[in-house]
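Below you'll find the structure, written out as structure tokens, and then a few comments.
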Amino acid sequence: MTVPWVEKYRPRKLSEIVNQEKAIEQVRAWVEAWLHGNPPKKKALILAGPPGVGKTTTVYALANEYGFEVIELNASDERTYEKIERYVQAAYTMDILGKRRKLIFLDEADNMEPSGAREIAKLIDKAKNPIIMSANHYWEVPREIRNRAQIVEYKRLTQRDIIKALVRILKREGKTVPKEILYEIAKRANGDLRAAVNDLQTVVTGGVEDAKEILAYRDVEKSIFQALAQIFATDNAKRAKMATLGVDMFPDELLLWIDENVPYVYYKPEDIARAYEALSRADIYLGRAKRTGNYSLWKYATDMMTAGVAVAGVKKKGFVRIYPPKTIKLLTESKTERTLRDSIVKKVMKEMHMARLEALETLHYLRTIFENNLDLAAHFTVYLDLDLKEVEFIAGDSEKAKTIWGKAMNIEKKLKERGELEERVREGLRKAKEKEELEEEELEEPEKEEEEVEEPEEGEELSEEELEEAEREIEPVGKKEKKAEKKKGKQATLFDFLKK
Ligand SMILES: Nc1ncnc2c1ncn2[C@@H]1O[C@H](COP(=O)(O)OP(=O)(O)OP(=O)(O)O)[C@@H](O)[C@H]1O
């Protein structure tokens with residue numbers, strides 16, 4: 001079994017933790033208050049900061065130095081409350097090492113159910129043991145927990161910190177790696193030392209040629225390796241589902257990645273079979289989504305391939321190397337395509353008020369529309385303010401794209417004319433109304449001279465034919481007009497005028 005380097009080289013002492021001195025000082029002071037018999041006012045501590053910067057490491061090094069036994073629990077686990085309750089009250093317990101104090105470590109406090117949070121808050125109030133939590137996003141920790149906890153902030157590590165840590169590991173392993181690869185790993189880790197150490201181990205075990213390939217993939221998708229490592233490290237269905245949230249990839253591609261790696265993660269044939277069973281069910285959902293155009297099935301597919309695979313059996317212990325799927329090259333988009341897709345998805349998110357996954361689903365619907373209904377496609381082009389390249393990307397055919405583009409231009413033109421026409425009609429009607437009012441006044445005040453009535457200037461008033469033509473011109477052209485109408489507030493639309 002290969003020991004994961006992140007464990008092998010995890011600092012055992014607080015002093016070995018790199019570049020988090022201020023945080024560690026706060027943690028020490030807090031824990032010493034407990035040990036000196038006057039528990040701090042805030043009986044819980046939240047270590048907040050990006051992943052892989054030493055939060056978990058701090059807890060274990062602390063326990064090591066001060067003789068605590070760590071009870072590590074995951075905040076998102078439904079049974080966490082019962083478990084904490086069991087430990088939180090008994091300050092000291094006996095174990096083979098004698099009388100030891102317990103330290104409760106609650107991971108992922110930013111991923112807690114609201115009902116669980118209320119219960120845990122009550123436990124903090126009666127705690128006789130220190131409770132330390134860790135969170136990537138402090139503000140997502142439920143408020144009742146935040147109120148009862150002192151925050152300790154962890155910094156994102158710099159590239160220099162990361163390179164130093166990697167070099168130290170290489171020395172201790174007696175290995176070397178070309179400098180540019182080391183720099184590349186540090187750059188891509190984006191402050192996450194765990195990711196960097198995992199990359200380094202992958203590169204050293206796989207050889208430099210492999211490294212280039214792996215790093216190239218990282219360029220395509222930074223988080224897929226981390227997401228898979230998380231899925232393959234957990235037996236918790238929810239955690240597994242969460243793991244792929246930040247992965248910018250269509251589910252069919254994700255399936256290939258998971259598929260490729262299943263045999264390296266499970267070793268018992270029946271577990272491998274169960275994992276593949278989950279994958280084939282995911283595949284069925286994907287197929288159905290494609291056939292029926294019901295992309296909400298993607299969610300079930302993703303659940304099956306993450307949670308379904310994560311709970312399939314007993315995983316190999318230790319470091320699992322993640323391999324890119326062999327068939328992936330057929331599927332992955334080029335950088336230009338990805339940029340195009342991203343900009344379209346952003347437009348869909350903005351104009352249609354959608355979350356990312358929903359917008360990706362919508363992109364699939366748009367594909368069907370752009371292939372089959374060029375008129376509707378043109379309306380969407382205007383509505384989403386797409387450019388020609390984006391239209392080509394969705395239509396998947398430059399001839400079709402040109403037709404759609406031409407139609408969209410026409411709609412734009414009509415919209416513009418319509419705006420001008422509307423203005424003219426409104427002006428004409430205003431003049432007519434003024435005239436009518438004056439005539440009424442005249443009836444009431446017969447003494448008034450007729451010449452005083454101001455006639456609308458010639459050409460400003462529209463003839464009946466012109467009004468009819470306006471009505472024919474103005475057909476519904478999708479939501480863009482609705483938006484324009486909305487912007488005008490209560491102002492009546494051209495239709496309202498014409499209906500009168
Ligand atoms: N500041 C640091 N100094 C030394 N090693 C570090 C530091 N930060 C991270 N590491 C290394 O990276 C690995 C991951 O760190 P750790 O588990 O503490 O991350 P974390 O901050 O708890 O992240 P997460 O929020 O994802 O749980 C550790 O095994 C350790 O080897």
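The model shown is predicted, which means the values in this text are computed figures rather than measured ones.
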inquiry  = So, taking the atom named CD in Glu371 and the one named CD1 in Ile394, what distance separates them when rounded to the nearest 0.5 Å?
reply    = 10.5 Å
task = Check step by step if salt bridge (Lys or Arg N to Asp or Glu O under 4.0 Å) holds for Lys22 and Glu153.
result = CA-CA 9 Å; Lys22 197 166 151 227; Glu153 282 181 73; over 6 Å; no
message = Test side-chain contact (heavy atoms from CB on, under 4.5 Å) on Arg146 and Ile151; report intermediate values, then the result.
response = CA-CA 8 Å; Arg146 266 188 280 131; Ile151 176 178; over 6 Å; no
message = Does Arg160 have more than 12 heavy atoms from other residues, nucleotides or ligands lying within 6.0 Å of its CZ?
response = no
message = For the backbone of Asp385 and the side chain of Lys347, can you confirm whether one donor and one acceptor N or O come within less than 3.5 Å of each other?
response = yes
key: NZ/NE/NH1/NH2 to OD/OE distance under 4.0 Å, Glu25 and Arg28   = no
query = Can you check whether Met112 reaches Ile120 side chain to side chain, under 4.5 Å on heavy atoms?
reply = yes
task = Working to the nearest 0.5 Å, report the span between NZ of Lys122 and CZ of Arg118.
result = 8.0 Å
ask   = Excluding sequence neighbours, so at least two apart, what forms side-chain contact (heavy atoms from CB on, under 4.5 Å) with Asn261?
value = Leu228, Phe232, Tyr264, Ile322, Tyr323
Nearest-0.5 Å distance that lies between atom CG in Leu200 and atom CG in Leu193 = 10.0 Å
remark   = With Val152 as partner, the option from Ile24, Leu47, Thr58, Ile46 fulfilling side chain to side chain contact (heavy atoms under 4.5 Å, CB included) is Leu47
Lys/Arg N to Asp/Glu carboxylate O, Lys299 vs Asp303, below 4.0 Å = yes
ask   = Quick one: ring-ring contact (aromatic ring centres under 6.0 Å, His included) partners of Tyr285, sequence neighbours excluded?
value = Tyr300
ask   = Counting distance only, does the side-chain N/O of Lys175 pair as donor-acceptor with the main-chain N or O of Ile169 below 3.5 Å?
value = no
key: Residues which pass side-chain hydrogen bond (donor to acceptor under 3.5 Å, both in side chains) with Asp192, listed by chain and number, not counting sequence neighbours   = none
request  = Taking the side chain as every heavy atom from C-beta outward, state whether Pro251 and Met305 have any pair of such atoms under 4.5 Å apart.
outcome  = yes
ask   = Judged by atom type as modelled, is there a donor-acceptor pair below 3.5 Å linking the side chain of Thr381 to the main-chain atoms of Ala377?
value = yes
query = Going by an N to O cut-off under 4.0 Å, is there a salt bridge joining Arg10 and Glu7?
reply = yes
Set of residues satisfying ring-ring contact (aromatic ring centres under 6.0 Å, His included) with respect to Tyr365, sequence neighbours excluded = Tyr295
task = Give a yes or no on whether the backbone of Ile71 and the side-chain of Lys102 come within a donor-acceptor separation of less than 3.5 Å.
result = no
query = Can you tell me if Glu65 uses its side chain to pair, donor with acceptor, with the backbone of Leu14 under 3.5 Å?
reply = yes
inquiry  = When you compare the side chain of Leu286 with that of Leu297, does any pair of heavy atoms fall below 4.5 Å?
reply    = no
note = Heavy-atom closest pair (Gly308 atom, Ala278 atom, distance to 0.1 Å) is C-CB, 3.7 Å
query = Quick one: do the Ser134 and Tyr154 side chains pair a donor with an acceptor below 3.5 Å?
reply = no
inquiry  = Please enumerate all residues that pass salt bridge (charged side-chain N to carboxylate O under 4.0 Å, His left out) together with Asp397, with sequence neighbours excluded.
reply    = none
inquiry  = Ignoring hydrogens, what is the shortest heavy-atom contact between Ile272 and Pro263? Give both atom names and the distance.
reply    = CD1-CA, 4.4 Å
query = Under 3.5 Å, side chain of Asp110 to main-chain N/O of His137, donor-acceptor pair present?
reply = yes
key: Charged N-O contact under 4.0 Å between Glu180 and Lys187   = no
message = Run Leu103 and Asn129 through side-chain contact (heavy atoms from CB on, under 4.5 Å) and show every step you take.
response = CA-CA 6 Å; Leu103 188 164; Asn129 278 315; over 6 Å; no
note = Scanning both residues in full, the closest heavy-atom pair of Val53 with Gln20 reads O-NE2, 3.1 Å
message = Counting C-beta onward and ignoring hydrogens, is there a side-chain heavy-atom pair between Leu363 and Arg341 closer than 4.5 Å?
response = yes
request  = Look up atom CD1 in Ile224 and atom CD1 in Ile231, then write down how far apart they are to the nearest 0.5 Å.
outcome  = 7.0 Å
query = Do Asn19 and Asp161 have side-chain N/O donor and acceptor atoms under 3.5 Å apart?
reply = yes
message = With a 4.5 Å cut-off on side-chain heavy atoms, are Lys42 and Asn147 touching?
response = no
query = Do Ile124 and Ile145 have side chains that get closer than 4.5 Å, going by heavy atoms?
reply = yes
inquiry  = Side chains of Leu340 and Glu392, heavy atoms from C-beta outward: is any pair under 4.5 Å?
reply    = no
message = Please identify which of these residues, Thr56, Asn64, Leu62, meets the side chain to side chain contact (heavy atoms under 4.5 Å, CB included) condition with Tyr60.
response = Thr56
ask   = Is there a donor-acceptor pair closer than 3.5 Å between any side-chain N or O of Arg148 and the backbone N or O of Glu144?
value = yes
query = Within the distance-only criterion (no hydrogens, no angle test), does the side chain of Asp271 pair as donor or acceptor with the backbone N or O of Tyr266 below 3.5 angstrom?
reply = no
remark   = On a heavy-atom basis, the closest approach of Ala282 and Ala301 is CB-O, 3.4 Å
message = Using side-chain contact (heavy atoms from CB on, under 4.5 Å), reason through Lys350 and Leu384 one step at a time and then give a plain yes or no.
response = CA-CA 9 Å; Lys350 181 165 159 262; Leu384 294 171; over 6 Å; no
ask   = Of the non-hydrogen atoms in Asp235 and Val311, which two are nearest, and what is the gap between them?
value = O-CG1, 3.4 Å
request  = Would you name the heavy atoms of Ala401 and Leu388 that are closest together and state the gap between them?
outcome  = O-CD1, 4.2 Å
key: Residues in salt bridge (charged side-chain N to carboxylate O under 4.0 Å, His left out) contact with Lys400, at least two apart in sequence or another chain   = none
query = So, do Phe380 and Leu386 sit near enough that their side-chain heavy atoms are less than 4.5 Å apart?
reply = no
key: Any side-chain donor near an acceptor of the partner, Tyr9 and Gln201, under 3.5 Å   = no
inquiry  = Just checking Trp34 against Phe68, ring centres under 6.0 Å apart?
reply    = no
task = Any chance you could measure Leu279, atom CG, to Leu256, atom CG, to the nearest 0.5 Å?
result = 10.0 Å
query = Looking only at atom types and distance, does a side-chain atom of Glu253 sit under 3.5 Å from a main-chain N or O of Phe250, one as donor and one as acceptor?
reply = no
ask   = Between the main-chain N or O of Ala240 and the side-chain N or O of Thr244, is there a donor-acceptor pair closer than 3.5 Å?
value = no
request  = Look at Arg239 together with Asp107 and state whether they make a salt bridge at an N to O cut-off of under 4.0 Å.
outcome  = yes
query = Is it true that Lys402 and Glu399 have a side-chain N and a carboxylate O under 4.0 angstrom from each other?
reply = yes
request  = Verify whether one side chain among Tyr66 and Glu32 offers a donor that lies under 3.5 Å from an acceptor in the other.
outcome  = yes
request  = Let me see the working for Leu106 and Ile132 under side-chain contact (heavy atoms from CB on, under 4.5 Å), right down to the final yes or no.
outcome  = CA-CA 6 Å; Leu106 209 53; Ile132 303 187; over 6 Å; no
